[in-house]
Amino acid sequence: MWVPILGLVIGLVIGSVLNVPIPGAYAKYLSIAVLAALDSAFGGVKSIFDEKFNAAILLTGFFTNALLAALLAYLGDQLGVDLYLAAVFAFGVRLFQNLAIIRRELLSRWIDNRKIAKAKRDNHD
Amino acid sequence: MKLRNWQLPLAIVLFMTGILLVSALNALQSEAEPEPRTKSKAESLIAMIETQEKELKDYEKTIDARRDSLAKHQKDIATGKIEVQTLQYELDQLKTLSGVSDVEGKGITVFLDDNNKGYEIAKSKAPEQAKPEDFLIHDKHLLYIVYELRVGGAEAISINGQRVVCSSDIRCMGTTIGVNTSAIGPPFVIKAIGDPDRMSKVLETDTSQYNILKMAGYPVRIEKQKKITIGSYKGSYQFSYTEPKGEQ
């Protein structure tokens with residue numbers, strides 16, 4: 001359970017240590033990519049709870065989503081349309097949906113665990 | 001077992017997400033925000049510097065103009081000073097010329113007196129023919145001597161303390177002689193400032209009034225002096241008819 005969190009922390013540390021200089025013009029695309037990455041991560045977590053986890057889907061989804069989101073934002077900029085808003089909207093909605101699912105799942109599991117524990121205690125008594 | 005299955009891929013995804021997040025934040029902080037700010041700041045600073053340089057130039061121009069006018073004024077003052085000095089010099093000269101100031105210098109003193117001795121002798125010789133007025137110093141004698149002194153280059157003359165100026169009158173007032181409207185009597189002391197040798201030479205020429213008096217036996221003599229003082233003219237100059245001709 002701690003391995004993914006450790007991965008996040010290492011990523012943050014390496015990112016800040018490397019401190020890759022990125023021009024301000026690309027900051028927007030990077031933000032979109034971050035959003036896509038977060039979406040993928042939460043999607044992966046959700047899939048664990050759904051017991052449908054697939055490493056290939058997660059990884060391909062992560063890369064393609066991030067790249068496509070950045071590309072879409074760039075295209076929107078070239079066309080003069082704020083297309084990145086579409087990506088923000090799509091990812092944002094899915095992020096909250098996934099978060100809600102995760103929250104509910106965690107909550108139900110916690111309640112189940114308590115029930116089981118209580119039943120165990122009752123049985124012991 | 002299942003846990004291990006999803007742990008690694010998720011860790012990779014989160015690892016990449018972390019890198020992306022930090023990069024995005026860095027890009028936003030270091031590029032998106034500071035650059036435009038510094039740019040606008042630099043631009044505003046440049047504009048400020050430019051306006052201040054312009055102001056500085058304007059001020060420099062004003063300084064130049066002020067300096068020029070100051071130099072001009074100083075020049076005016078200097079010329080004014082010179083003018084005042086020349087005017088003062090002229091005034092002093094005119095004062096000396098008009099006799100309103102005491103003056104001193106080398107010159108001669110001429111002593112004249114009536115020929116009382118000659119009169120006595122003449123009376124004893126021929127009482128009828130001897131006329132006292134023939135043995136007196138008359139106004140005309142003084143007038144001639146004054147003019148002879150002027151021929152000798154006298155710059156200031158006084159008779160018995162009366163300064164002889166250009167408007168002075170020397171005339172007969174009966175038993176006395178009027179100089180500057182004040183009556184004077186013998187003995188007469190004529191003081192003159194000028195070249196002593198030149199003046200005495202003129203006075204001692206054969207045809208001069210002084211020489212005639214001397215020849216006639218009047219008690220006259222000349223004294224050359226290194227320093228004599230002649231008092232100022234105590235009267236006043238009044239012009240009732242004369243006006244300076246306007247230069248306009």
Side-chain angles (χ1 to χ4, degrees), chain A residues 1-63 65-67 69-70 73 95, chain B residues 1-70:
Chain A
M1 180 152 183
W2 294 109
V3 176
I5 292 165
L6 199 72
L8 178 67
V9 169
I10 290 168
L12 289 171
V13 168
I14 287 177
S16 45
V17 166
L18 285 175
N19 202 6
V20 188
I22 291 155
Y26 299 118
K28 203 160 70 182
Y29 311 134
L30 221 65
S31 303
I32 294 293
V34 168
L35 212 61
L38 279 172
D39 172 61
S40 289
F42 282 114
V45 172
K46 193 203 84 180
S47 70
I48 294 162
F49 289 116
D50 286 349
E51 304 199 345
K52 286 192 283 182
F53 183 80
N54 190 323
I57 289 172
L58 175 68
L59 289 171
T60 52
F62 168 77
F63 285 110
N65 270 356
L67 274 171
L95 254 171
Chain B
M1 282 306 211
K2 253 185 187 174
L3 286 174
R4 270 183 198 160
N5 195 21
W6 60 261
Q7 267 180 341
L8 201 65
L10 200 64
I12 293 164
V13 166
L14 281 172
F15 169 73
M16 297 298 286
T17 308
I19 290 177
L20 278 172
L21 194 69
V22 171
S23 301
L25 287 174
N26 273 350
L28 279 169
Q29 264 187 352
S30 66
E31 312 286 337
E33 280 185 43
E35 202 186 43
R37 201 182 273 171
T38 49
K39 226 181 193 175
S40 62
K41 223 179 196 176
E43 272 167 15
S44 66
L45 279 172
I46 286 165
M48 210 186 271
I49 287 165
E50 273 172 359
T51 49
Q52 287 195 341
E53 274 176 351
K54 212 176 170 187
E55 267 178 35
L56 201 64
K57 253 182 194 170
D58 285 347
Y59 282 131
E60 275 172 359
K61 265 183 197 167
T62 359
I63 285 168
D64 267 356
R66 291 275 154 82
R67 224 172 248 165
D68 282 350
S69 69
L70 185 67

Original post:
Where is the tightest heavy-atom contact between A:Ala55 and B:Pro9, given as atom of each residue plus distance?
Top reply: CB-CG, 3.5 Å
Got a list of side-chain donor-acceptor pairs under 3.5 Å for residues 38-46 of chain A, not counting sequence neighbours?
from: A:Asp39; atom 1: OD1; to: A:Arg94; atom 2: NE; distance (Å): 3.3
from: A:Asp39; atom 1: OD2; to: A:Arg94; atom 2: NE; distance (Å): 3.4
from: A:Asp39; atom 1: OD2; to: A:Arg94; atom 2: NH2; distance (Å): 2.5
from: A:Ser40; atom 1: OG; to: A:Ala36; atom 2: O; distance (Å): 3.2

**OP:** With the side chain counted from C-beta on, respond yes when A:Ile48 and B:Leu10 share a heavy-atom pair under 4.5 Å apart, and no when they do not.
**Re:** yes
**OP:** Quick one: list whatever passes ring-ring contact (aromatic ring centres under 6.0 Å, His included) with A:Tyr29, sequence neighbours left out.
**Re:** A:Tyr74
For residues 5-17 of chain A, please give each side-chain donor-acceptor pair under 3.5 Å, one per line with the distance, not counting sequence neighbours.
from: A:Ser16; atom 1: OG; to: A:Leu12; atom 2: O; distance (Å): 2.8
from: A:Ser16; atom 1: OG; to: A:Val13; atom 2: O; distance (Å): 2.9

Original post:
Is there any residue in residues 14-21 of chain B with a non-hydrogen atom under 4.5 Å from a non-hydrogen atom of chain A, and which ones are they?
Top reply: B:Leu14, B:Phe15, B:Met16, B:Thr17, B:Gly18, B:Ile19, B:Leu20, B:Leu21
